[in-house]
Amino acid sequence: MPKVKERDKSCDHLFASGHTACPGCGQSLAVRLVLRAAGRNVIVVNSTGCLEIFSSKYGESSWEVPYIHSLFENIAAVASGVESALKATGRLDDVRVIAMGGDGATADIGFGAISGMMERGHDVLYVCYDNEAYMNTGIQRSGCTPHYARTTTSPPGKASLGNWRPKKDLPQIILAHGVPYVATATVGYYADLDKKVKRALSIRGPKYIQVHVPCPLGWGSDSSRTIELAKIAANSGLFPLYEVDHGELKVRRFGKKIPVEEYLNMQVRFRHLFGKDGARAEVHEIQAVADANIEKYGLMAK
Amino acid sequence: MPKKMLQGCRAIAEMVTLCRPKVVSAYPITPQTIIVEELAQIVANGDLSAEFVNVEGEHSAASLVLGASATGVRVFTATSSQGLLLMGEVVFNIAGMRLPVVMVNANRSVSAPLNIWNDQQDSMIMRDSGWIQFYAENNQEACDLILQAYRIAEDHRVMLPVMVCADGFVLPHAYENVDMPSQEDVDAFLPPFESMYRLDPDSPLTMGAFAEPDKYMETRYMIQRALEGAVPIIEDVARDFTKTFNRTSYGLFEEYRMDDAATVVVVLGSMAGTVKEVVDELRAQGQKVGLLRLITYRPLPVEALYRALSNAEDIVVMEKALSLGSSGPLATDLRAIFQSRPANPRISGFVIGLGGRDVTINDISDSISKAHQQVVETDFVALRDDMELEGINA
């Protein structure tokens, strides 16, 4: 741990403090880590959402790198335009373009533009900060909201147990475009995220990294346990950490599987799955999803 | 330069090429499609050094040129009708971000019912977006306006996008003799784009910041001031164009046989050709009729229009657009100009040629006669008489 702190001191802070993110915000930490890995020679294109709001208020920008926000659903197209302009003026060898969107901007409203950007092969790294709902507008369900999670638009009630569908598998959908690099990462594992950002930026063409970022406000979790929660999500198998580098799958394995119940119990958004008699059957369904991921990706260390 | 017989789409594409954009992006929609097909071929032939990007929709076409413009290069896009509506959110965003994007809109009706033919309802919907809007009468003018559009948009006193509107099919698909200037003359008239601010790691800046209630209003005020300030700049650029290329460019509007005119017809775009015929006929009969063809619709050149129209007794606005539930937008604008000023002409509004219906000489002269009898609030010209038009409410 002290080692990390030492490194921290010597690093440039390209994402300055003083922004207005909530305490324990996983996304703000991840942005700082992504930029630290990427360095100064980048242009960031950011969708409307929490990140844009807490970092880019007029006169109070946190961005020490060139930054543009346009709209909610169009960052993949704006980033394609930035890249095209750099290409047309011979500057693409020196500058990297990074698009940053939330899970709603990526999985839902901006999905067509992202598919277009990936298919056309623009030299852009797209980073999706996945906090599993529309947090900026007040915790509404997105395509990345997990099965049975409570959001304000998938509330549990007499006739509902929360979100009625499993989480959309975005990394695999992006992978189907035939792009050279797709990875999942988490704010819980800094070194892994750092490595993946650096690897992605060393590759020309479209790249995609989905970073799992707990949201204490939206998930009803303890703001002091964001990193711990992120690690548990990975080590339960619910958010598998892997990368597909030119077709080769590499997995971050864990030695001890953490039961999903431990993860769910840390969050108010899953509280309705636990009654007086303990966990409902749906918790076992969620465990089955985690187990299937462990099996599919080989997440357990042998 | 010798004149060339060109299809409108080709002429527009050749003029865009002469303006040397570095990024072109568009999505196909009738009747704009051939413009971007031509540009794709020009780039494929190596005759324009630019990135030509096929996107998955107009929202992305506008977003892509937005990003490229913010990175400091000259850009071009073109669209029409539903495409412009789909872009709508980005159209407003481009103006708010003060990016000098130039777009050609091949004017077409809006759905439903689906109709691919010409009217000007599409661009009228965007009149409040902060873009400068030009309406061309013919392909020569469409080309000339594209060249001027870049110079005006990129002027550091303006820094606003420009939409050059060309009546769908009537212009883009028609063959006309077009005088295409030389590259040398265009380069002299239009210097390379020098952005005031661009995305560059050497000098990082934040673009597209969000503004709270204590700042937002000022941004709108600044756009309003820039648009007002663009009026004399548009006039200057038109004068310089006329001098450089030895061909008249009118800037704000063209006045046709307006001396002593008691009745002035006001139109936008290609309809003016037919109106000129009517004016000539009526003049031959001794009627004092003239035409004011408005080119610069936004910013609306209020003072110049007042001066030009204040001696008229009757103003007859004929327009291919309508604010459903209200009146024709141009008629409304002209009525507003005279509301607070001493001259008090009678202003009649006629909606004509929607969805590609032919605009005939008789339609125009009949409308003028009608306006002479009494002021017309909003009249649909040449409606069919063989359809049950009140049916849906019956």
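First the proteins, then the strands, lettered A, B, ... as listed; each starts at 1.
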As an exercise, state the distance from CZ of A/Arg120 to OG of B/Ser25, rounded to the nearest 0.5 Å. 7.0 Å
Name the region of B/Lys215, side chain, backbone, both or neither, that has any atom closer than 4.5 Å to a heavy atom of chain A. side chain
Should we count CD of B/Glu194 as having more than 12 external heavy atoms under 6.0 Å? no
One should read off an interatomic distance between A/Phe111 CZ and B/Glu56 CD, to the nearest 0.5 angstrom, of 11.0 Å
A/Arg204 atom CZ, over 12 foreign heavy atoms within 6.0 Å: yes
Using a cut-off of under 4.5 Å on heavy-atom pairs, state which of A/Ser61, A/Gly81, A/Ala76 scores highest against chain B. A/Gly81
Would one find more than 12 heavy atoms of other residues, nucleotides or ligands at under 6.0 Å from atom OH of A/Tyr58? no
Which region of B/Asn54, side chain (C-beta onward) or backbone (N, CA, C, O), has a non-hydrogen atom less than 4.5 Å from a non-hydrogen atom of chain A, or is it both or neither? backbone
To the nearest 0.5 Å, atom CG of A/Asn74 lies from atom CG of B/Leu64 at 10.0 Å
For chain A, which candidate among B/Val73, B/Asp202, B/Thr71, B/Val75 shows the most heavy-atom pairs at distances under 4.5 Å? B/Thr71
Drop me the distance from B/Arg198's CZ to A/Thr89's OG1, to the nearest 0.5 angstrom. 7.5 Å
Sort out for me which of B/Val65, B/Thr206, B/Ile94 touches chain A most, counting heavy-atom pairs under 4.5 Å. B/Thr206
Is it true that, when you exclude B/Tyr216 itself, more than 12 heavy atoms of the residues, nucleotides or ligands shown sit nearer than 6.0 Å to its OH? no
Please look at B/Val23 and chain A and tell me whether the side chain, the backbone, both or neither of the residue comes under 4.5 angstrom of a heavy atom of that chain. side chain
So which residue, A/His69, A/Glu52, A/His122, ends up with the most heavy-atom pairs under 4.5 Å with chain B? A/His69
Worked verdict on B/Leu66 versus A/Ile68 for side-chain contact (heavy atoms from CB on, under 4.5 Å): CA-CA 10 Å; B/Leu66 180 158; A/Ile68 183 169; 4.0 Å; yes
Out of B/His59, B/Lys22, B/Met97, return the one with the most heavy atom pairs under 4.5 angstrom to chain A. B/His59
Of all the heavy-atom pairs spanning B/Ala209 and A/Ser56, show the shortest one and how long it is. CB-O, 3.1 Å
Residue among A/Val95, A/Asp94, A/Val42 satisfying side-chain contact (heavy atoms from CB on, under 4.5 Å) with B/Pro201: A/Val95
A/Lys87, NZ atom: more than 12 neighbouring heavy atoms under 6.0 Å: no
Which of B/Ala62, B/Ser60, B/Ala68, B/Ser63 touches chain A most, by non-hydrogen pairs under 4.5 Å: B/Ser63
Closest heavy-atom pair, B/Leu199 versus A/Arg91, reported as atoms and distance to 0.1 Å, is O-NH1, 4.3 Å
Side chain, backbone, both or neither: which part of A/Ile75 has a non-hydrogen atom closer than 4.5 Å to chain B? neither
Looking only at A/Ala85, A/Ser115, A/Gly112, most heavy-atom pairs under 4.5 Å shared with chain B are made by A/Ala85
Taking A/Ser84, A/Ser62, A/Gly116 one by one, which has the highest count of heavy-atom pairs under 4.5 Å against chain B? A/Ser84
Please state whether the side chain, the backbone, both or neither of B/Val90 comes within less than 4.5 Å of a heavy atom of chain A. both
Would A/Glu73 and B/Glu89 satisfy side-chain contact (heavy atoms from CB on, under 4.5 Å), going step by step from the backbone distance to the final call? CA-CA 10 Å; A/Glu73 70 276 50; B/Glu89 188 194 20; 2.7 Å; yes
